[in-house]
Amino acid sequence: GRVSSVRIPIAPHNVEAAAGGRLLLAVGADEAGHGGGRHHGDPGRVIVLEPVAGGAPRIIAEIPAGHHPAHVVADRAGQQAFVTDSGANALLIVGLEERRVLARVLTGAYPHGLRLSPDGREAWIANVKDNTVSVVDVAAAREEARIPVGPSPVQVGFVPDGNRVFVSLRGSDAVAEIDVATRRVAQRIPVGPGPVQVFATPDGRFVYIMSRDGWVQKYDIWSLAEVGRIRAALNSRNIAISPDGQRIAVANYLPESLTILDADLNPLRLIETEVGGTPSRVSAVYQAPQRRSFVLALKDAPEIWEVATADLAIRRIPIDEPLDDFFFSPDYRQLIGANRAGDKGVAIDLDDGHKVAELPLPGMPHLGSGITWERGGRRVMATPHLGEGVISVIDMQDWSLVKQIKTDGPGFFLRGHAASPYVWADVFFGPHKDEMHVIDKETLEIVKTLAPFPGQTFAHSEFTRDGSHVLVSLWEDEGADVVYD
């Protein structure tokens, strides 16, 4: 794709997209430090850049950030960034609107890689020089735990439900698995360098571990032994597994491609993702089980690709602009994706390849957390917004916006069940984080707001299998699961 370059006044060590792609963060030591050299004690900065259509990004802020900042992540709303300050053994909490460091939290020795928990409540940080992982409560700005993990931890990664964390151990070519509830290492698995993602086969017997450096490894859960390994690319983003477990698709940035492997990690095909002769990175690959296909989101090109899992035939669907964060209809006939600016959703019919609708959805719609149900004989979906206190309800037959339900703040999780007449929606961000809205599926009105623990985060509901009860988590150190009928 087209490459735009901009000179920045640091030697960048790590970059991160924030606010749904509206911002780019770069961290590193000042380029001019120590006579032009870069050392671990050099002053550092967070450089905030804003993409410019058709041109190079522009610098909109330069924020001092300790000594030798190593890695940066941002919250989903793009309001705060979290930076490991390796030179000062600290986590810096940076206000992107205030453009300054809001808090410093001491960690273990030489903090390096970090990730936010899926709920955004904690930062887990790999401390290279004292062989630990720090757990930081980001709202309280304090270290809650420091967990011994093994030699030279460099990066951490969560499983989607947030119950386990995997830590890459550079000093022992292994991955440590941490039980989040007990904050103890459950096991250490020899895996080789740089593991990032872990996926289980449909029968739960094997797991595939993908590294950002393109390595995919297969492990037998019963014996905890590696049974296969291959390098799929130089830089990979995620993987998807076909419903029968016989095809593994690897989305790649470099080279711009999709790698297809069989269940034993034998390479079947390298699909180059080019549009009009210009390569495009693959930002994500999704499994579409009813269609027996993989669906690709292309980062640099206005197309959606569909790859059949059986014969690997490729179908290309032109669209107006790149889309991501897909939500699929239950039959996987249609999808809705968010544009890069995070202000609208675009619905695409995967059968005929046409754009069905374009919906104004300001405030960073989080389509990946959407849910769907039948209302008045029509199927609707609802999505929270990460940057605005609203839930958008969309008619999935004509993709019209049915209603935007005003809430007391931006939410993260929506949950519903076919046996229940209600949608449960948390208010995850802001001063009303202690609230849970209960919404009538038919009237689309908030019928009750629960706040049993004032001032504490009350979020993430889950229905029991039969829909008769709802469990809600109190996200605090002295937490609880609250059961409602």
Q) So, R121 and E144, do they make that salt bridge, N to O below 4.0 Å? A) no
Q.
When you compare the side chains of Q404 and S392, does any donor N or O come within less than 3.5 Å of an acceptor on the partner?
A. yes
Q: Can you spot which of I8, V15, L23 makes a side-chain contact (heavy atoms from CB on, under 4.5 Å) with L49?
A: I8
Q.
Can you tell me if R378 has over 12 outside heavy atoms packed within less than 6.0 Å of its CZ?
A. yes
Q | Distance (rounded to the nearest 0.5 Å) between L350 CG and I317 CD1 | A | 5.0 Å
Q) Do the non-hydrogen side-chain atoms of L96 and L25 ever get within less than 4.5 Å of each other? A) yes
Q) What do the steps show when you test V402 against R375 for side chain to side chain contact (heavy atoms under 4.5 Å, CB included), and what is the final call? A) CA-CA 11 Å; V402 177; R375 176 179 180 265; 3.8 Å; yes
(Q) To check you understand the geometry: which heavy-atom pair defines the closest contact between D85 and P111, and what is its length? (A) O-CG, 3.6 Å
Q. Is the shortest heavy-atom distance from the side chain of P302 to the side chain of I319 under 4.5 Å?
A. yes
(Q) Give me the atom names and distance for the closest heavy-atom approach of E358 to V346. (A) CG-CG2, 4.2 Å
**Q.** Test item: W475 side-chain N/O and A459 main-chain N/O as donor-acceptor pair under 3.5 Å
**A.** yes
Q) What's the shortest heavy-atom distance between F458 and V482, and which atoms? A) CE1-CG2, 3.9 Å
(Q) Quick check: closest heavy atoms across H71 and N14, and the distance to 0.1 Å? (A) CA-OD1, 3.5 Å
Q. Hey, is OH on Y422 packed in by over 12 heavy atoms from elsewhere, all under 6.0 Å?
A. no
Q. Donor-acceptor pair, E177 side chain versus Q187 backbone, under 3.5 Å?
A. no
Q: Nearest 0.5 Å please: distance from the CG atom of N238 over to the CG atom of N252.
A: 9.5 Å
Q) Which of these, K355, H354, R333, sits in a side-chain hydrogen bond (donor to acceptor under 3.5 Å, both in side chains) with D349? A) R333
**Q.** Cationic N near anionic O, under 4.0 Å, R291 to D351
**A.** yes
Q. Quick one: CG on L367 to CD1 on I394, what's the gap to the nearest 0.5 Å?
A. 7.0 Å
**Q.** Pair S400-D395, side-chain donor/acceptor within less than 3.5 Å
**A.** no
Q | OG1 on T383 to CG on L361, rounded to 0.5 Å | A | 7.5 Å
Q) With a 4.5 Å limit on heavy-atom distance, are the side chains of V207 and Y219 in contact? A) yes
Q. Got I125 and F82 here, is their nearest side-chain heavy-atom distance under 4.5 Å?
A. no
Q) Is it the case that more than 12 heavy atoms not belonging to R146 sit under 6.0 Å from its CZ atom? A) yes
Q) Does a side-chain N-to-carboxylate-O contact under 4.0 Å join R379 and E374? A) yes
Q: Would you sort out whether T84 and H112 count as a side chain to side chain contact (heavy atoms under 4.5 Å, CB included), showing the intermediate values?
A: CA-CA 6 Å; T84 46; H112 192 258; 5.5 Å; no
Q) Does a side-chain heavy-atom distance below 4.5 Å link K441 with V423? A) yes
Q. What distance do T457 atom OG1 and E476 atom CD have between them, rounded to the nearest 0.5 Å?
A. 5.0 Å
Under 3.5 Å, which donor-acceptor pairs link side chains of residues 425-433 to any protein atom two or more places apart or in another chain?
unit_1 : atom_1 : unit_2 : atom_2 : d
D426   : OD1    : F412   : N      : 3.0
D426   : OD1    : F413   : N      : 3.3
D426   : OD2    : F413   : N      : 3.4
D426   : OD2    : H460   : N      : 3.2
H432   : ND1    : E435   : OE2    : 3.2

Q) Considering all heavy atoms of both residues, which atom of L401 and which atom of L359 are nearest to each other, and what is their separation? A) N-CD2, 4.1 Å
Q: Determine, step by step, whether I336 and M381 satisfy the side chain to side chain contact (heavy atoms under 4.5 Å, CB included) criterion, reporting the C-alpha distance in whole Å, the side-chain angles of both residues, the deciding distance to 0.1 Å, and the verdict.
A: CA-CA 10 Å; I336 182 170; M381 71 157 292; 3.9 Å; yes
(Q) How long is the straight-line distance from CD1 of I239 back to CG of L258, given to the nearest 0.5 Å? (A) 11.5 Å
Q. Got H385 and P365 here, is their nearest side-chain heavy-atom distance under 4.5 Å?
A. yes
Q) Does the pair W424 and L450 meet the rule for a side chain to side chain contact (heavy atoms under 4.5 Å, CB included), with working shown? A) CA-CA 10 Å; W424 290 58; L450 306 171; 3.6 Å; yes
Q | Close side-chain approach of I209 and F166, heavy atoms under 4.5 Å | A | no
Q. Does R183 CZ have over 12 foreign heavy atoms under 6.0 Å away?
A. yes
Q | Over all atoms of both residues, closest heavy-atom pair of N89 and S86 | A | OD1-O, 3.6 Å
**Q.** Under 3.5 Å: donor-acceptor pair, side chain of Q155, backbone of L114
**A.** yes
Q.
Under a 3.5 Å distance rule, please check whether Q290 uses its side chain to pair with a backbone N or O of P330 as donor and acceptor.
A. yes
